[in-house]
Amino acid sequence: MKLVNKIIINAPAEKVWKVAAEDFDKVGEWLSQVNHSYKREGESCEGSPMSGRICDLSEKANGPIADEKITEFNKKELRLGIHVVPKNGNIPVKENNVLAEFVVKGPNKTEVIWNSNLSLKAAGKVLYPVLKLGINKAFNELLEELKFFVENGTPHPRKLATLKKAS
């Protein structure tokens, strides 16, 4: 399943790149879909400050996680490749290969293009139409929350509601 999601962020590309790529392991600070995130162990690809990240997707011990390895870290061309493997839980996705591109549209305007190529498990293939809608919505929310965080310096209200609910 291939999906392309886009958003314009009113900030310089370097600022967007810093949050999305250089601070890759800190996504749990601003993305409501992630309970907690931390650096992944392993060898980093060329230019990357880390191998990737692990994202806890729930508060449960041994709950679902996303193991996200950085496969491309090109600061010059503002391209970030990510190989995502969901683990634990009944997740109908085998893997997702993402190419995130950060396109300069002006001194304070950056377009983020989120290209996803998902491989589905058998259950995911059966649920394809509903799954496509849900995943597309999740990626749009990811981009909205990135935009909000970069432009405002604080997490999106969805993330704040998630944090409040957890405490």
Taking the side chain as every heavy atom from C-beta outward, state whether Val4 and Ile113 have any pair of such atoms under 4.5 Å apart. yes

Please check this pair: side chain of Lys147 against backbone of Ile8, looking for a donor-acceptor N/O pair closer than 3.5 Å. yes

Please step through side chain to side chain contact (heavy atoms under 4.5 Å, CB included) for the pair Glu72 and Leu99, ending with a clear verdict. CA-CA 8 Å; Glu72 180 180 355; Leu99 176 62; 3.8 Å; yes

Taking the side chain as every heavy atom from C-beta outward, state whether Ile7 and Ile9 have any atom pair closer than 4.5 Å. yes

Begin with the C-alpha distance, continue with both residues' side-chain angles, and end with the deciding distance and a verdict on side chain to side chain contact (heavy atoms under 4.5 Å, CB included) for Asn108 and Asn10. CA-CA 5 Å; Asn108 286 309; Asn10 296 310; 5.8 Å; no

In Å and rounded to the nearest 0.5 Å, what is the CZ to CD1 distance from Arg40 to Ile65? 9.5 Å

Would you say Thr71 and Ile82 make side-chain contact, with heavy atoms under 4.5 Å? no

Would you please classify the geometry between the Trp114 ring and the Phe139 ring as parallel, tilted or perpendicular, with 30° and 60° separating the classes? tilted

Check Lys159 against Gly28 and note the closest heavy-atom contact, atom names and distance. NZ-O, 2.7 Å

Which atom names give the shortest non-hydrogen contact between Leu142 and Leu31, and what distance separates them? CA-CD1, 3.7 Å

Looking at side-chain heavy atoms only, is the closest gap between Pro92 and Leu131 below 4.5 Å? yes

Check: Phe149 and Thr154 side chains under 4.5 Å, non-hydrogen atoms: no

Decide salt bridge (Lys or Arg N to Asp or Glu O under 4.0 Å) for Lys18 and Glu14; before the verdict, give the C-alpha distance in whole Å, the side-chain angles of both, and the deciding distance to 0.1 Å. CA-CA 6 Å; Lys18 173 144 180 37; Glu14 298 79 26; over 6 Å; no

Grab the two heavy atoms, one from Glu22 and one from Pro49, that are nearest each other, plus how far apart they are. O-CG, 4.0 Å

How long is the span from the NZ atom in Lys26 to the CZ atom in Arg53, to the nearest 0.5 Å? 12.5 Å

Where at least one partner belongs to residues 58-96, residue pairs that pass ring-ring contact (aromatic ring centres under 6.0 Å, His included), sequence neighbours excluded: Trp17-Phe73

First locate atom CG of Leu146, then atom CH2 of Trp30, and finally report the distance between them rounded to the nearest 0.5 Å. 4.5 Å

Apply side chain to side chain contact (heavy atoms under 4.5 Å, CB included) to the pair Asn35 and Leu57, showing each step before the final yes or no. CA-CA 5 Å; Asn35 186 49; Leu57 304 176; over 6 Å; no

Keeping Lys94 on the side-chain end and Val85 on the backbone end, is there a donor-acceptor pair under 3.5 Å? no

Any chance you could lay out the side chain to side chain contact (heavy atoms under 4.5 Å, CB included) test for Leu118 and Ile135, step after step, and finish with the verdict? CA-CA 10 Å; Leu118 298 106; Ile135 292 173; 3.9 Å; yes

Co-membership, hydrophobic cluster, residues Val84 and Leu120, 4.5 Å side-chain: yes

Quick one: pull up CD1 in Ile70 and SG in Cys45 and give me the separation to the nearest 0.5 Å. 6.0 Å

Between Val16 and Phe102, is any pair of side-chain heavy atoms under 4.5 Å apart? yes

For the student: nearest non-hydrogen atoms of Ser58 and Gly63, plus distance: OG-CA, 3.9 Å

Within a strict 4.5 Å, meaning less than it, do heavy atoms of the Ile54 and Glu68 side chains meet? no

Closest heavy-atom pair, Thr110 versus Ala11, reported as atoms and distance to 0.1 Å, is OG1-O, 2.7 Å

Inter- and intrachain pairs under salt bridge (Lys or Arg N to Asp or Glu O under 4.0 Å), touching residues 95-111, at least two apart: Arg79-Glu101, Lys105-Glu111

Applying salt bridge (Lys or Arg N to Asp or Glu O under 4.0 Å) to Arg158 and Glu145, what does each step give before you reach the verdict? CA-CA 8 Å; Arg158 264 191 303 265; Glu145 292 178 23; 2.6 Å; yes

Main chain of Pro64, side chain of Asn88: is a donor-acceptor contact present, judged purely on distance under 3.5 Å? no

Can Asn136 and Asn5 be counted as having a side-chain donor-acceptor contact under 3.5 angstrom? yes

Measure the spacing between SG of Cys55 and CZ of Phe24 and express it to the nearest 0.5 Å. 7.0 Å

Same hydrophobic cluster for Ile91 and Tyr128, using side-chain heavy-atom links shorter than 4.5 Å among ILVMFWY? yes

Would you find a donor on one side and an acceptor on the other, under 3.5 Å apart, between the side chain of Ser44 and the backbone of Met50? yes

According to a hydrophobic-cluster definition based on side-chain heavy atoms being under 4.5 Å apart (Ile, Leu, Val, Met, Phe, Trp, Tyr only), do Val93 and Val130 belong together? no

Just how far is it from atom OG of Ser37 to atom CD of Glu29, taken to the nearest 0.5 Å? 7.0 Å

Tell me whether the count of non-hydrogen atoms from other residues, nucleotides or ligands lying under 6.0 Å of CG in Asn152 goes above 12. yes

Looking only at heavy atoms, the pair that brings Thr162 and Ser32 closest together is OG1-CB, 3.8 Å

